[in-house]
Amino acid sequence: DLAGAPEINEWNNTRRLQLKIEDLRIHTLDRNFHEDVFPAVDVESPVKIVDRRNVRSKQNYLAKLLDRGEPSLLYVRDTRAIDQLLELIGSNGGSICQCDEDTSEIEKRDMADRLARREILAIASSCTLSDLPYVSHIVFCHPIPQPVTFFNRCQPAFKSPRREPRTPTETTYIHLIYSPKDVEWMQTWLSWQYPDEAVLRKLYKRLQALSRGNSRRLTLEAVIADAQANSIPTLAVKSGLSILEELQLLTQHAVVQQEPHPPRHEIQLLPPPSTKRQLHESETYLNGEQIKQTSQLFSDFQLRQSLQQIWKKIAYECQSVTTQP
């Protein structure tokens, strides 16, 4: 609309309204919620997808979601991302449990039981949880590199061994709140986690320098510290050591220590093999290359497909009995 009366502009014996930019007040409208949910809000469905890709503030979105007090599952990239998430939104007095690759099956079952009894509000996880009760919200804070992992994490929305029969009004919402920047970071993270030939060569040379001609074992802490000092990503060290071990260039040992100290991780180089080893002889290396290639294709699906197409694919992969509305 206009602010105040418009001025009159006269030129060449013609009188026209003069509209200035500062006279405009632009009304911004919130995105229509109906367009961001599939199936639509007025359509009954036990599973719906909420599109918040490119949401401005994940922190605000998650805070509002958790304020509803409904059982939720928050999926993030890795353990470090769990810590960052809890720093952003707080743990609500311990009402959010953490789950990662080091969490035992017993601990996972305990979390599921506590979520079912509403003793906790949510689980923030970097690993797949399948044995769950009914959850109202499954939130993907970051994109997932592999299709099978993504669909397995959607599975509890459709059916779960622990789920009680759902009432007709119960709906599980799958929230997509990642962005293209998250995809870029995922690709960088994968390149660190699954090092290429150049990084592996550099890591091996550093191990040779540290071991002084294979004469002594190295601690994992020493290897990581040296890698950081030589611009080798810490994430690359673990996978890199596994690859080099599969190529019979080193051995890894878990040295038992007195309680309560955990086993000490040590590395020892082996004499160079008589024949040159090839990277494709390492299963870990081949697996990493496959993951990096697949993730690029699957990223397009997660970012660019419509909600309807994503819903159909999830329902198909999860073998849902839900009828497509």
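This is a predicted model, so every value here is computed, not measured.
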Which residues satisfy the side chain to side chain donor-acceptor pair (under 3.5 Å) test with E245, sequence neighbours excluded? Q252
Would you please name every residue forming a ring-ring contact (aromatic ring centres under 6.0 Å, His included) with F140, sequence neighbours left out? Y75, F150
For R117, all residues meeting side chain to side chain contact (heavy atoms under 4.5 Å, CB included), sequence neighbours excluded: D113, R114, E119
Taking all non-hydrogen atoms of both residues into account, name the closest pair between C99 and T103 and its distance. CA-OG1, 3.5 Å
List the steps, then state whether side-chain contact (heavy atoms from CB on, under 4.5 Å) holds for Q305 with K312. CA-CA 11 Å; Q305 286 286 358; K312 286 182 177 179; over 6 Å; no
Can you list everything that forms a side chain to side chain contact (heavy atoms under 4.5 Å, CB included) with E105? Sequence neighbours excluded, please. K108, R109
On a heavy-atom basis, which atom in L121 and which in L66 lie closest, and how many Å separate them? CD2-O, 3.5 Å
Rounded distance (nearest 0.5 Å) linking atom OG1 of T251 with atom CD of E266: 10.0 Å
Where do Y194 and G288 come nearest, in terms of heavy atoms and distance? CD2-CA, 3.4 Å
Do Q268 and S211 have side-chain atoms, one donor and one acceptor, less than 3.5 Å apart? no
Check side chain to side chain donor-acceptor pair (under 3.5 Å) between E246 and all other residues, then give those that pass, not counting sequence neighbours. S282, T284
With sequence neighbours excluded, tell me which residues meet side chain to side chain donor-acceptor pair (under 3.5 Å) with T149. none
Quickly, which of I232, T219, V237 forms a side-chain contact (heavy atoms from CB on, under 4.5 Å) with I224? Name it, please. V237
Please confirm whether the backbone N or O of D226 pairs with a side-chain atom of N230, one donor and one acceptor, at under 3.5 Å? yes
Would you please test E107 and S104 for side-chain hydrogen bond (donor to acceptor under 3.5 Å, both in side chains) and show each step? CA-CA 5 Å; E107 291 172 320; S104 69; 3.2 Å; yes
Which residues share a side chain to side chain contact (heavy atoms under 4.5 Å, CB included) with E197, sequence neighbours left out: R201, L279
Got a sec, which residues hit side chain to side chain contact (heavy atoms under 4.5 Å, CB included) with L303, two or more places apart in sequence or on another chain? Y178, P180, V183
Once salt bridge (Lys or Arg N to Asp or Glu O under 4.0 Å) is applied, do any residues pair with R153, and if so which ones, sequence neighbours excluded? none
Before giving the answer on side-chain contact (heavy atoms from CB on, under 4.5 Å), spell out for R52 and H175 the whole-Å C-alpha distance, their side-chain angles and the decisive distance to 0.1 Å. CA-CA 7 Å; R52 288 295 185 270; H175 303 253; 5.7 Å; no
Can you check whether P273's main-chain N or O pairs, donor with acceptor, with T275's side chain at less than 3.5 Å? no
Keeping the roles fixed (side chain from Q193, backbone from S239), state whether a donor-acceptor pair exists under 3.5 Å. no
So does A122 get a backbone contact from the side chain of S72, meaning a donor-acceptor N/O pair under 3.5 Å? no
Rounding to 0.5 Å, atoms CD1 (I82) and SG (C97) come to a distance of 11.0 Å
Sort and list the pairs that fulfil salt bridge (charged side-chain N to carboxylate O under 4.0 Å, His left out) and have at least one residue in residues 74-90, not counting sequence neighbours. none
Out of curiosity, Q208 CD to L203 CG, how far, rounded to the nearest 0.5 Å? 10.5 Å
Testing the basics here: between Y134 and P71, what is the closest heavy-atom pair and its distance to 0.1 Å? O-CG, 4.0 Å
Report the C-alpha distance between K181 and E184 in whole Å, list the side-chain angles of each, state the deciding distance to 0.1 Å, and finish with yes or no for salt bridge (charged side-chain N to carboxylate O under 4.0 Å, His left out). CA-CA 5 Å; K181 287 186 178 181; E184 292 175 9; over 6 Å; no
Closest contact, heavy atoms only, G240 versus L200: CA-CD2, 3.7 Å
Restricting to pairs with a member in residues 299-309, which pass salt bridge (charged side-chain N to carboxylate O under 4.0 Å, His left out), not counting sequence neighbours? D300-R304
Look at the side chain of Q309 and the backbone N and O of S306, then say whether any donor-acceptor pair between them is shorter than 3.5 Å. no
Can you list every pair that meets salt bridge (charged side-chain N to carboxylate O under 4.0 Å, His left out) and has a residue in residues 94-103, with sequence neighbours left out? none
To the closest 0.5 Å, what do you measure between CG (L129) and CG (L115)? 9.5 Å
Please report the interatomic distance CE(M186) to CD(Q302), rounded to the nearest 0.5 Å. 6.5 Å
Gap separating the NZ atom of K238 from the OG atom of S242, nearest 0.5 angstrom: 7.5 Å
Note: D196-K292 ion pair, threshold 4.0 Å (strictly below): no
Would you name the heavy atoms of L62 and V139 that are closest together and state the gap between them? CD2-CG1, 3.9 Å
Just wondering, do L220 and I267 contact through their side chains at under 4.5 Å, heavy atoms? yes
Using a 3.5 Å distance criterion without hydrogens, assess whether the side chain of S45 forms a donor-acceptor pair with backbone atoms of K48. no
